[in-house]
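Below you'll find the structure, written out as structure tokens, and then a few comments.
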Amino acid sequence: MRFTTLCRAAAVVATIACLTTGAARADDDEDCNNIMDELKKLSERLMNTTDPKGIGPVCAATGQLLGIIKASREVAAECYDEGRKRDQILLTFDKAAKDMESKIDSVCK
């Protein structure tokens, strides 16, 4: 597993956070978008402050990013209105989590 894998995963989180803007329920828009923004910032902070050397640190950073992806998915599931846009957002998070778990399973034993 490479550090670039972490970068791609963080890009997925950031992209989805941008996509979710406008999908929230009207009365919860600000709260939902604020939570998603904070999760995006957390993933960016992880990517900007982490330069793992060796398999252990790479696996640890990847696990942290997987946690952010899963948290983001749960926020989106609770915050956003049911419908095609929400379903696509959840599907994207599910795919990102599955891909990340697969990489972790194959490298971090």
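The analysis underlying the following values was restricted to heavy atoms, covering all of them including side chains, and did not include hydrogens, waters or symmetry mates.
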d(N48 CG, K41 NZ) to nearest 0.5 Å is 13.5 Å

dist I35:CD1 -> C79:SG (nearest 0.5 Å) comes out at 5.0 Å

Has the side chain of T62 got a donor or acceptor atom that lies under 3.5 Å from a matching backbone atom of V58?
-> yes

* Determine, stepwise, if the pair K103 / D99 fulfils salt bridge (charged side-chain N to carboxylate O under 4.0 Å, His left out). => CA-CA 6 Å; K103 289 179 185 358; D99 290 348; over 6 Å; no

Nearest heavy-atom contact between V75 and L39 is CG2-CD1, 3.9 Å

Rounded to the nearest 0.5 Å, the CD atom of E38 sits from the CZ atom of R45 at a distance of 7.5 Å

- request: Could you go through the side-chain contact (heavy atoms from CB on, under 4.5 Å) check for K70 and E101 one step at a time?
  value: CA-CA 11 Å; K70 288 184 174 188; E101 287 170 342; 2.6 Å; yes

Of all heavy-atom pairs linking Y80 and N33, the shortest is OH-OD1, 3.4 Å

One should read off an interatomic distance between Q88 CD and K85 NZ, to the nearest 0.5 angstrom, of 11.0 Å

Interatomic distance, CD1@I89 vs CG@D94, rounded to 0.5 Å, equals 12.0 Å

One should read off an interatomic distance between I104 CD1 and L66 CG, to the nearest 0.5 angstrom, of 4.5 Å

Scanning both residues in full, the closest heavy-atom pair of A77 with L90 reads N-CD2, 3.6 Å

Nearest heavy-atom contact between L65 and S43 is CD1-CB, 3.9 Å

